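Worksheet: one structure, shown below.
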Amino acid sequence: QVQLVESGGGLVQPGGSLRLSCAASGSILSINVMGWYRQAPGKERELVAGITKGGSTNYADAVKGRFTISRDNAKSTAYLQMNSLKLDDTAVYYCYAQPIGYGKYWGQGTRVIVSS
């Protein structure tokens, strides 16, 4: 079992930055991929970014060049640095952790609001 606690959301102006954190506990050695999905009102959930235990990353096209995902394995924590934020980045961001095998574990979600 893996438990995820995420934080770092908030209100930010367009062009600003936020850093999300996702701390894992439990069976952390089983985790392969960590990352974030997001869901805006009226939209489907979409993958934002993911990172493997070895450091390989992938990003949604919408955030490439603006977001950077990283991982501190010693702290069992992933980070999502979000720069040059846009109005369309407004969403609830859900951290996930995926062990080798089936399924994902989910964080509680953190709200990001980009607004003037």
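The structure presented is a predicted model; accordingly, all values stated were derived computationally and were not measured. Both backbone and side-chain heavy atoms feed into the values below; hydrogens, waters and symmetry mates do not.
When only modelled atom types and interatomic distance are considered, Tyr93 and Arg38 share a side-chain donor-acceptor pair under 3.5 Å.
Between Gln98 and Gly103 the shortest heavy-atom distance is CG-O, 3.1 Å. Nearest heavy atom pair, residue Leu11 against residue Ser115, reads CD1-CB, 4.2 Å. Of all heavy-atom pairs between Gly8 and Leu18, the closest is O-CD2, 3.9 Å. Across Ala40 and Ala91, no two heavy atoms sit closer than the pair N-CB, 3.8 Å.
Salt-bridge annotation for Lys86 and Asp89: absent, with no side-chain N of the basic residue lying under 4.0 Å from a carboxylate O of the acidic one.
A distance of 10.5 Å separates CD in Gln1 from OG in Ser30, rounded to the nearest 0.5 Å. For the atom pair OG1 (Thr110) and CD (Glu6), the distance works out to 6.0 Å, reported to the nearest 0.5 Å. Of the inter-residue distances, the one linking Thr52 atom OG1 with Ile31 atom CD1 reads 12.5 Å to the nearest 0.5 angstrom. Rounding to the nearest 0.5 Å places CD1 of Ile69 at 11.5 Å from OG of Ser56. With values rounded to the nearest 0.5 angstrom, Gln3 atom CD is found 7.5 Å from Ser27 atom OG. Note: Met34 CE to Ser76 OG = 8.0 Å, rounded to the nearest 0.5 Å.
In this structure, the side chains of Gln108 and Leu4 stay at 4.5 Å or more apart for every pair of heavy atoms. Put simply, the side chain of Lys104 does not reach to within 4.5 Å of the side chain of Val2, judged on heavy atoms. Between Val12 and Ile113, every side-chain heavy-atom pair lies at or beyond the 4.5 Å cut-off. A 4.5 Å side-chain heavy-atom check between Cys22 and Val5 finds every atom pair outside the cut-off. You'll find the side chain of Glu46 stays beyond 4.5 Å of the side chain of Gln39, heavy atoms only. Within the 4.5 Å cutoff, side-chain heavy atoms of Val48 are placed close to those of Leu80. Using a 4.5 Å cut-off on side-chain heavy atoms (C-beta onward), Met82 and Leu20 make contact.
Checked by atom type and distance alone, the side chain of Thr77 pairs as donor or acceptor with a backbone atom of Lys75 at under 3.5 Å.
In the hydrophobic clustering (ILVMFWY side chains linked at under 4.5 Å, chained through shared members), Leu47 is joined by Val33, Tyr37, Val92, Tyr94, Tyr96, Trp106.
Using a 4.5 Å cut-off between side-chain heavy atoms of Ile, Leu, Val, Met, Phe, Trp and Tyr, with links allowed through other members, Tyr59 and Ile51 fall into the same hydrophobic cluster.
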